[in-house]
Amino acid sequence: MSRSLPVVPAALLAAALTFTLTSCTDEGAGPGTSGTRGTAGLGDPYFPKLGNGGYDVTHYALTLDVDIERGKDRDDHEDHVDGKAVVTARAKQNLSAFDLDLKGMDVESVTVDGAEARWKRKGQELIVRPAHALEKGRTFRTTVRYSGEPRTITDPDGSHEGWLPTADGALALGEPTGSMAWFPGNHHPSDKATYDITVTVPQRLQAVSNGELRRESTKDGRTTFAWRSTEPMASYLAALGIGAYEIRRPTVGEKKPPVYMAVDPEEAEGSREVLDEIPDIIDWAEINFGPYPFSSTGAIVEREEDVEYALETQNRPVVPGAPDTSLLVHELAHQWYGNSVTPRSWRDMWLNEGFATYAEWLWQEDHGGDSAQENFDALWEGDYFDTDEADEGVWAFPPAEPPSAEHISDSPVYERAAMVLHKIRQAIGDDAFFDLLKGWATARRHGNASTADFTAYAEKHAEKTAPDADLKPIWEEWLYGEGKPKKA
C-alpha cells in the first residue's frame with residue numbers, strides 16, 4: 001500500500017549523500033521531493049506481488065546482447081545476457097518511488113529521465129527512487145542496465161518458464177510470471193505496452209521475437225535482430241527464441257498479414273504441411289472472430305524435448321514439435337482472445353482458454369469433424385478424455401474461480417469454459433452467438449477485460465438479439481457453480 005514519505009531534513013542531507021546510489025536504505029523519495037511510492041504489486045488474486053502500482057507502461061525498448069554456450073550434454077549450458085531496458089511510462093500519481101519486477105540478474109545502474117536514481121533489490125522487486133518526485137500525469141523514462149545468467153522459473157503447477165535453455169539456443173517465455181526473468185518491467189497482464197526488442201547473438205544463430213523484423217545486420221561474427229511490436233502487448237506474451245532455425249517467410253496475398261516462421265531444423269519436415277495452413281486458419285478465424293488484430297503472424301517451432309507446452313505468444317505462437325492443426329487453431333485463436341482481448345487478472349484466464357478451446361470445436365465442426373454439440377455432450381457424459389480421472393476433472397471447480405495459482409491452467413478453465421460458451425450459443429442462437437464472438441473481440445480490441453466485463457457484455461448483447469434468453473442461470477450454474485450442472 002502507498003504511504004506518505006517524509007522530506008529528508010537538511011541536517012541529514014550530508015549523511016544521506018554518503019550512501020551510494022545503488023544502496024537505497026529506505027523506500028522514500030530524495031530530498032526536497034513529495035509523493036508516495038507506487039505499490040509493490042497489483043493485488044492479483046493469484047500473484048498479488050506481480051505488477052506494480054503508480055504508473056502505466058507505454059513502451060519497452062529492450063537491447064540484449066546474448067552469449068550462448070552449449071556442451072555436448074544439452075543440460076550443460078551457460079547463457080549470459082547484457083541488457084538495457086528503457087521503460088517509458090506515465091505516472092498515475094505523484095511518485096516518490098516505484099517498483100519494477102525483475103527476478104535474478106545483476107543490476108548495474110538505473111536512471112530516470114537521464115538522472116541517476118537510487119535503487120535496491122527486494123526479492124523480485126527492483127525499487128527505484130528518482131532524484132525528484134514524478135508528478136501525476138508525467139511521462140518518464142527509466143533506463144536499467146543489467147547483466148547475468150537469466151533464470152528458469154518453476155510455476156506453481158510445476159511447469160517451467162522464464163529463460164529455457166534449448167539444445168542449440170534458448171527460449172524466453174512468460175506465462176504467467178516468466179518475463180521478469182529476462183527484463184525488468186510491470187509484469188501484470190493489465191499493463192500492456194508496445195515493444196522494441198533488439199537482440200545480438202552469435203552469427204550462427206537467429207533471434208526471433210514478436211512483431212516485425214525491422215533490421216538484421218552482422219558485424220564481427222555477431223548478428224543483431226531488431227523486432228518491433230506496434231500493437232499493445234502484455235509482457236507475458238513477449239517471447240524470444242534463439243537458435244539455428246530454419247526461417248520461412250511464405251508469400252501471401254496483399255490483404256493477408258505477413259507470415260514469419262522459425263522452425264528447429266529437426267522439426268522442419270514434420271511441421272511443414274500444417275504450418276502451411278496458417279493463412280487458411282487466419283482466413284477462417286476472421287470469418288468467425290472478425291479482422292485479425294495484429295500486423296503479422298507465424299510460429300516458433302522448437303524441439304519437443306526443449307519446451308513442455310504450446311504458448312500463444314503474440315504474433316507467432318510457440319509450439320513443441322510439429323503441431324497438429326487443432327493445436328495451431330487453438331493458439332492462433334488466442335491472437336483474438338487473450339492477446340488482443342487480454343485478461344484483467346489471472347482469475348479471468350477462462351476468457352483466454354475457453355474461447356480458444358471453443359475455436360477448436362468450431363474448426364472441427366466446419367471441417368468434417370465432431371460438432372461443438374458432440375464435444376459438449378462427450379464432456380458432460382464423461383467420455384471425452386482417455387481416463388475417468390480426466391473426465392471427472394472437468395468439474396473440479398468453476399471456470400471463473402480456480403482455487404489457486406496452481407490450477408489456472410486446469411481442465412475447467414479450458415473445457416468447462418468452452419461449455420459455458422456453448423450454453424450461451426444454445427440460449428441465444430447461432431446468428432446472435434457469432435455476432436457476440438465478433439463483437440466482443442471488437443469492443444475490447446487491444447485492451448483488457450474481466451469476467452464481469454464479459455457477462456455484462458453478453459447480457460446486453462442478448463437483450464438486443466435474443467430478448468427471451470436468460471443468461472443468468474449459465475453464470476450461476478456453469479461459470480460460477482460448484483460441481484456438475486444439469487445438462488438442460
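Heavy-atom basis, side chains included; hydrogens, waters and symmetry copies ignored. What you see is a predicted model, and the numbers here were worked out from it, not measured in a lab. Sequential numbering from 1 along the given sequence is applied to the chain's residues.
Below 30°, between 30° and 60°, or above 60°: for H330 and Y414 the angle between ring planes is below 30°, a parallel geometry.
Using modelled atom types, one side-chain atom of R344 and one backbone atom of N448 make a donor-acceptor pair closer than 3.5 Å. The main-chain N or O of R444 is never found under 3.5 Å from a side-chain atom of Y457 such that the two would form a donor-acceptor pair. Proximity of a side-chain donor or acceptor of R121 to a complementary backbone N or O of G104 within less than 3.5 Å is detected. Remark: the backbone N or O of G354 is not paired with any side-chain donor or acceptor of T357 at under 3.5 angstrom. Side chain of D264 to backbone of E266: a donor-acceptor contact under 3.5 angstrom is found. Listed for the D306 side chain is no donor-acceptor partner under 3.5 Å among the backbone atoms of P320. Remark: side-chain polar atoms of D168 are not paired, donor with acceptor, to backbone N or O of G243 under 3.5 angstrom. For T442 (side chain) and K438 (main-chain N/O), a donor-acceptor pair under 3.5 Å exists by modelled atom type. In this structure, the side chain of E246 does not engage the main chain of A268 through any donor-acceptor pair within 3.5 Å. Counting only distance, with no hydrogens or angles, the side chain of N94 and the backbone of S34 share no donor-acceptor pair below 3.5 Å.
D348 and T451 share a side-chain donor-acceptor pair at under 3.5 Å. No side-chain donor from either of S326 and D324 sits under 3.5 Å from a side-chain acceptor of the other. Side-chain polar atoms of H160 and T152 form no donor-acceptor pair below 3.5 angstrom. With no hydrogens or angles considered, no side-chain donor-acceptor pair links T218 and Q203 at under 3.5 Å. Side-chain contact check for Q335 and T297: no donor-acceptor pair (N or O, by modelled atom type) lies under 3.5 Å. Of the N and O atoms on the side chains of S109 and E116, not one donor lies less than 3.5 Å from an acceptor on the other residue. At a cut-off of 3.5 Å, with distance as the only test, no side-chain donor of Q314 or S229 sits close to an acceptor on the other residue.
A 4.5 Å side-chain heavy-atom check between F183 and V87 finds every atom pair outside the cut-off. R248 is listed as a side-chain neighbour of D276, based on a closest heavy-atom distance under 4.5 Å.
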Kindly determine whether R445 and E231 satisfy salt bridge (Lys or Arg N to Asp or Glu O under 4.0 Å), including the steps that lead there. CA-CA 10 Å; R445 185 181 175 93; E231 295 100 355; over 6 Å; no
Under the side-chain contact (heavy atoms from CB on, under 4.5 Å) criterion, do M261 and I278 qualify, and how do the steps go? CA-CA 10 Å; M261 296 179 284; I278 287 178; 3.9 Å; yes
side-chain contact (heavy atoms from CB on, under 4.5 Å) for E302 and Y245? Distances and angles first, verdict last. CA-CA 9 Å; E302 289 284 0; Y245 297 117; 2.4 Å; yes
Please assess F47 against T177 for the test side-chain contact (heavy atoms from CB on, under 4.5 Å), listing each intermediate value before the final yes or no. CA-CA 9 Å; F47 303 95; T177 68; 3.8 Å; yes
Would E353 and H334 count as a side-chain hydrogen bond (donor to acceptor under 3.5 Å, both in side chains) if you check the C-alpha gap in whole Å, the side-chain angles of each, and the deciding distance to 0.1 Å? CA-CA 8 Å; E353 303 302 344; H334 272 309; 3.0 Å; yes
Go through it in stages, so that I can follow the logic: the residues are T342 and M233, the test is side-chain contact (heavy atoms from CB on, under 4.5 Å), and I'd like the CA-CA distance, side-chain angles, deciding distance and then a yes or no. CA-CA 9 Å; T342 303; M233 178 168 68; over 6 Å; no
Applying ring pair (Phe, Tyr, Trp, His ring centres under 6.0 Å) to W119 and F98, what does each step give before you reach the verdict? CA-CA 10 Å; W119 57 271; F98 58 91; over 10 Å; no
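Of the charged side-chain nitrogens involved, at least one lies within less than 4.0 Å of a carboxylate oxygen, so that D67 and R222 count as a salt-bridged pair. Of the charged side-chain nitrogens involved, none lies within less than 4.0 Å of a carboxylate oxygen, so that K92 and D191 do not count as a salt-bridged pair. A salt bridge does not link K49 with D101: every distance from a Lys NZ or Arg NE/NH1/NH2 to an Asp or Glu carboxylate oxygen is 4.0 Å or more. A salt bridge does not link K84 to D65: none of the charged nitrogens lies less than 4.0 Å from a carboxylate oxygen. Under 4.0 Å is where a charged nitrogen must lie from a carboxylate oxygen, and between K256 and E286 no such pair does.
Rounding to the nearest 0.5 Å gives a distance of 8.0 Å between CG of N339 and OG1 of T313. Separation of atoms OG1 (T455) and CG (L351) is listed at 9.0 Å; rounding is to 0.5 Å.
Note on residues 217-241: pairs passing ring-ring contact (aromatic ring centres under 6.0 Å, His included), not counting sequence neighbours, are W227-Y260, Y236-W346.
Minimum interatomic distance between F397 and P412 (heavy atoms only, all atoms of both residues): O-CB, 3.3 Å. Across E161 and G178, no two heavy atoms sit closer than the pair OE1-N, 2.7 Å. The minimum heavy-atom distance between A85 and L62, with the atom names listed, is CB-CD2, 3.6 Å. Nearest heavy-atom pair, S235 versus N186, reported as atom, atom and distance to 0.1 Å: OG-O, 4.3 Å. In this structure, D79 and E149 approach most closely via the heavy-atom pair O-CG, 3.2 Å. Across all non-hydrogen atoms, the minimal contact from F454 to F355 is CE1-CZ, 3.6 Å.
Evaluated for a side chain to side chain donor-acceptor pair (under 3.5 Å) with H59, the options T88, D196, T139 yield exactly one hit, D196.
Taking a 6.0 Å sphere around CZ of R214, one finds it holds more than 12 heavy atoms contributed by other residues, nucleotides or ligands. Annotation: R145, atom CZ; neighbour count of heavy atoms from other residues, nucleotides and ligands within 6.0 Å does not exceed 12. More than 12 heavy atoms of other residues, nucleotides or ligands shown are found within 6.0 angstrom of CD on E308.
Ring centroids of Y337 and Y358 are separated by 6.0 Å or more, keeping the two rings apart. Aromatic ring centres of Y292 and W336: separated by under 6.0 Å.
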